[in-house]
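Remarks on the structure that follows.
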Amino acid sequence: MILLSNYSKAYVRTTVLSIKNLKIEPGLHLVQGANGSGKTTFFKSISGIISFKGDCSLNGQSIKKDAVEYRRYVNYCEAEPNFPHFLNGRELISFVSKAKNTPDTTLHKIVMSFGVEKFWKKPIATYSSGMLKKTSLVLAFAGNPRAILLDEPFTTIDRDSKEQLCLFIREYRALGCTFLISAHQEPKTIPLEFDSTLILENNTVNKLL
């Protein structure tokens, strides 16, 4: 379970997101909102990338009190990934996978499923948007995540990769992993069954079951 309490995030003294209390039960949750509604801020806060006021906990473990341990179990795939250009994909994936204690067999399965082995020896600076997204998706499933945040995961990837992504989501969900997935597509066009929808509007989040 993900729990946000007294959460607020401001940029240049302007509050962009404020959430008094939000409980996200284990499951598969769709996150929607207009451009600029705060979806990326929401994801980056929960994943521990940006600071904020208040607290966020995963299964009772607070990001403020035990940040390192919290981050071990929360993975995030950005809508537009931006990785260091001086690395190649294999170096990046190996580094993150080691930090996340990813078993070699698990990593091999993920890499091969998304076809990343076909280009991961090339410099990241040469990657297309689709190659960057596939690399980011590999990182999203690395380790032993208890929550995976996917920001526009279905954009810029091919049909086979979309199907593989849905298979991984279902597989990890069955193991108890919670998903937050943002998408501009209509829910009926996404081949997944969501437990709830979180709507970001008016600088806060409304939960629809």
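Excluded from the calculations below are hydrogen atoms, water molecules and symmetry mates; all remaining heavy atoms, backbone and side chain alike, are included.
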- Item | side chain to side chain contact (heavy atoms under 4.5 Å, CB included), paired with R146, selected from L175, T178, N59 | N59
Donor-acceptor contact below 3.5 Å, side chain [X] vs main chain [Y]:
X	Y	value
N88	P123	no
K9	S51	yes
S161	I157	no
S37	E201	no
S18	S8	no
T106	T102	no

- Item | I124 versus G89, closest heavy-atom pair with distance | CG1-N, 3.8 Å
- Looking only at non-hydrogen atoms, find the nearest pair between P153 and I181 and report the distance. CG-CG2, 3.8 Å
Quick check: do [X] and [Y] have side-chain heavy atoms less than 4.5 Å from each other?
X	Y	result
I46	L4	yes
F43	L150	no
T41	I50	yes
Y127	K122	yes

For [X] and [Y], which I'm curious about, is there any donor-acceptor pair between the side chains at under 3.5 Å?
X	Y	value
N203	T15	no
S45	Y7	yes
S5	N21	no
N6	K20	yes

To the nearest 0.5 angstrom, please state how far the [atom1] atom of [X] sits from the [atom2] atom of [Y].
X	Y	atom1	atom2	value
C77	D151	SG	CG	8.0 Å
I63	L58	CD1	CG	9.5 Å
L167	Y172	CG	OH	12.5 Å
F119	S128	CZ	OG	7.0 Å
C56	F42	SG	CZ	8.0 Å
L137	L132	CG	CG	11.0 Å

- Query: For the residue pair F179 and F141, does the interplanar ring angle fall in the parallel (under 30°), tilted (30 to 60°) or perpendicular (over 60°) class?
  - Reply: tilted
- Query: Looking at residues at least two apart in the chain, or sitting in another chain, which of them share a side chain to side chain contact (heavy atoms under 4.5 Å, CB included) with K118?
  - Reply: none
- For K133, which residues count as a side chain to side chain donor-acceptor pair (under 3.5 Å) partner, sequence neighbours excluded? T155
- Query: Can you list every salt bridge (charged side-chain N to carboxylate O under 4.0 Å, His left out) pair that touches residues 63-79, not counting sequence neighbours?
  - Reply: K44-E78, E69-R72
- Message: Between F168 and F114, is the ring centroid distance below 6.0 Å?
- Response: yes
- Under-4.0 Å salt bridge between K109 and D104: no
- Query: Does a salt bridge link E193 with R173, judged by any charged N lying under 4.0 Å from a carboxylate O?
  - Reply: no
- Task: Group every Ile, Leu, Val, Met, Phe, Trp and Tyr by side-chain heavy-atom contacts under 4.5 Å, then state whether V205 and I199 land in the same group.
- Result: no
- Task: Quick one: do D158 and K134 satisfy salt bridge (Lys or Arg N to Asp or Glu O under 4.0 Å)? Show the steps, please.
- Result: CA-CA 10 Å; D158 54 73; K134 289 181 181 181; 2.9 Å; yes
